[in-house]
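See below for the structure under consideration.
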Amino acid sequence: MKKIALITGATSGIGRACAQRFAMGGYNLILTGRRQDKLEALKPGLEAEGAMVKLLCFDVRDSEAARSAVMSLPNEWHDVDVLINNAGLALGLEKEYEGNPEDWNTMIDTNIKGLLTMTRLIVPRMVKRNRGHVINIGSVAGDAAYAGGGVYCATKAAVKTITDGLRIDVAHTCVRVTNIKPGLVETHFSVTRFHGDAERAENVYKGIRPLTGDDIADVAFYAACAPEHVQIAEVLVLATHQANGTVIDRNPDRVETSASSAADRP
């Protein structure tokens with residue numbers, strides 16, 4: 001029987017890439033997202049890879065909706081092998097004392113509380129079966145604050161601590177727990193952060209070739225496929241010319257060269 005991966009925030013970016021990678025890797029999928037139409041658009045391509053796909057439409061901020069959605073799954077879909085807590089976002093880049101409290105609440109409720117909700121719903125059955133893997137998508141931003149990002153950075157620092165705590169709590173079992181901390185990844189992330197300002201979002205990636213959602217999905221799949229006695233606890237993944245959350249060497253000429261070289265590869 002195929003293993004099952006449940007991926008939150010699966011309709012775009014890292015979540016969508018994880019869905020594609022795990023489908024290609026032989027998993028059946030439970031995908032969650034806030035937009036039914038976007039979830040439905042994913043299904044045919046994933047089924048073409050041989051995956052069976054269940055779609056759950058809810059916002060992870062709504063714990064009751066999440067519980068109802070998970071409980072609605074057929075019995076044979078309740079034993080999740082890999083939970084990828086990917087749903088998350090950043091909003092705004094203002095100074096902390098000038099920030100929008102609504103943005104803060106959305107980040108905290110999604111990045112922290114949503115992750116906890118899904119963990120609470122899925123992990124008890126993993127512990128009971130003595131098998132499973134939780135992969136939380138954190139961020140290099142969780143290592144240190146940067147200007148205008150204090151609240152977002154705090155949520156990702158919480159992801160690290162929550163992940164470490166869960167790993168301690170399940171150490172008596174065969175359940176594995178991984179925190180993946182990406183650096184610059186070119187997805188819809190920055191457009192969301194800047195409330196739809198695409199031009200401002202593009203500036204985030206100028207002068208450097210950023211990571212892609214596929215790069216992070218490859219890391220998640222690698223962690224999931226490690227031998228059972230191997231637990232990849234934490235992975236920091238950065239673009240080649242990014243040193244940490246704030247140090248980035250930008251060079252447009254180098255980016256153009258690397259992009260053309262990649263296009264020339266078979």
Side-chain angles (χ1 to χ4, degrees), residues 1-10 13-32 46 49-52 77-88 111 115-116 118-143 156-185 211-240 242-245:
M1 183 176 177
K2 285 188 174 184
K3 291 183 177 181
I4 298 171
L6 190 160
I7 304 166
T8 67
I14 293 171
R16 179 171 184 158
C18 284
Q20 293 167 337
R21 184 65 187 88
F22 278 74
M24 291 170 58
Y27 280 71
N28 290 329
L29 303 172
I30 303 168
L31 306 181
T32 87
L46 298 171
E49 295 289 346
M52 294 179 62
W77 285 84
H78 279 278
D79 288 337
V80 173
D81 296 283
V82 180
L83 167 63
I84 302 180
N85 279 315
N86 165 72
N111 300 358
L115 180 149
L116 286 170
M118 296 306 300
T119 300
R120 182 67 180 85
L121 289 170
I122 301 301
V123 173
R125 290 182 71 98
M126 290 183 174
V127 171
K128 185 177 180 179
R129 288 159 44 228
N130 197 33
R131 185 176 76 251
H133 195 160
V134 179
I135 300 176
N136 291 332
I137 305 299
S139 172
V140 64
D143 290 345
K156 289 304 185 177
V159 170
K160 172 180 169 51
T161 305
I162 290 167
T163 306
D164 290 345
L166 179 62
R167 194 179 306 110
I168 293 167
D169 289 341
V170 299
H172 65 291
T173 76
C174 293
V175 177
R176 301 184 292 184
V177 185
T178 300
N179 182 22
I180 299 177
K181 305 189 301 184
L184 281 178
V185 183
L211 303 169
T212 67
D214 290 339
D215 296 325
I216 307 307
D218 283 342
V219 175
F221 190 75
Y222 176 83
C225 291
E228 290 185 2
H229 70 287
V230 177
Q231 179 172 215
I232 299 174
E234 186 171 285
V235 185
L236 175 63
V237 190
L238 303 174
T240 297
Q242 179 179 15
N244 55 34

What do you reckon, is CZ of R129 surrounded by more than 12 foreign heavy atoms closer than 6.0 Å?
-> yes
Nearest heavy-atom neighbours spanning I135 and A224 = CD1-CB, 4.3 Å
Closest non-hydrogen contact found for T178 with H133 is OG1-NE2, 2.8 Å
Is the shortest heavy-atom distance from the side chain of K3 to the side chain of F22 under 4.5 Å?
-> no
Nearest 0.5 Å, what's the CG-CD1 distance between L29 and I84?
-> 9.0 Å
Check N136, T163, N179 against N85 for a side chain to side chain donor-acceptor pair (under 3.5 Å) and give me the one that passes.
-> N136
Apply the side-chain contact (heavy atoms from CB on, under 4.5 Å) test between I137 and each candidate in N111, V185, I14; give the one that qualifies.
-> I14
Please report the shortest heavy-atom distance between H172 and V127, naming the atom on each side.
-> NE2-CG1, 4.5 Å
Taking atom types as modelled, is there a side-chain donor on T161 or D164 under 3.5 Å from an acceptor on the other?
-> no
Is there side-chain contact between M126 and V170, with at least one heavy-atom pair below 4.5 Å?
-> no
Check whether any side-chain heavy atom of D143 sits under 4.5 Å from a side-chain heavy atom of L236, and report yes or no.
-> yes
To the nearest 0.5 angstrom, please state how far the SG atom of C174 sits from the CD atom of Q231.
-> 10.5 Å
Examine distances only and state if a side-chain atom of R21 and a backbone atom of V219 form a donor-acceptor pair shorter than 3.5 Å.
-> no
State, yes or no, whether a side-chain contact exists between I30 and V80 at a heavy-atom distance under 4.5 Å.
-> yes
Main-chain N/O of T8 paired with N86 side-chain donor or acceptor, under 3.5 Å | yes
Can any side-chain N or O of D214 pair as donor or acceptor with the backbone N or O of A17 at less than 3.5 Å?
-> no
Validation row: R125, H78 side chains within 4.5 angstrom (heavy atoms) = yes
Minimal non-hydrogen separation, N244 against L238, with atom names = N-CD1, 4.1 Å
Would you give the length of the straight line joining atom CD1 of I162 to atom NZ of K156, rounded to the nearest 0.5 angstrom?
-> 10.5 Å
Provide the closest heavy-atom pair for Y222 versus I232 in the form atom of the first, atom of the second, distance.
-> CE2-CD1, 3.4 Å
Quick one: does R131's side chain have a donor or acceptor within less than 3.5 Å of a partner on D81's backbone?
-> no
Ignoring hydrogens and geometry, is there a side-chain-to-backbone donor-acceptor pair from Q242 to L184 under 3.5 Å?
-> yes
Ignoring hydrogens and geometry, is there a side-chain-to-backbone donor-acceptor pair from D215 to T212 under 3.5 Å?
-> yes
Answer yes or no: is there a donor N or O on one side and an acceptor on the other, between the side chain of R176 and the main chain of A226, under 3.5 Å?
-> yes
In terms of side-chain geometry, is the basic nitrogen of K160 or E234 positioned less than 4.0 Å from the acidic oxygen of its partner?
-> yes
Can you name the nearest heavy-atom pair linking I4 to W77, along with the distance?
-> CD1-CA, 3.9 Å
Pair D79 + K128: basic N to acidic O under 4.0 Å | no
Quick one: pull up CE in M24 and CD in Q20 and give me the separation to the nearest 0.5 Å.
-> 8.5 Å
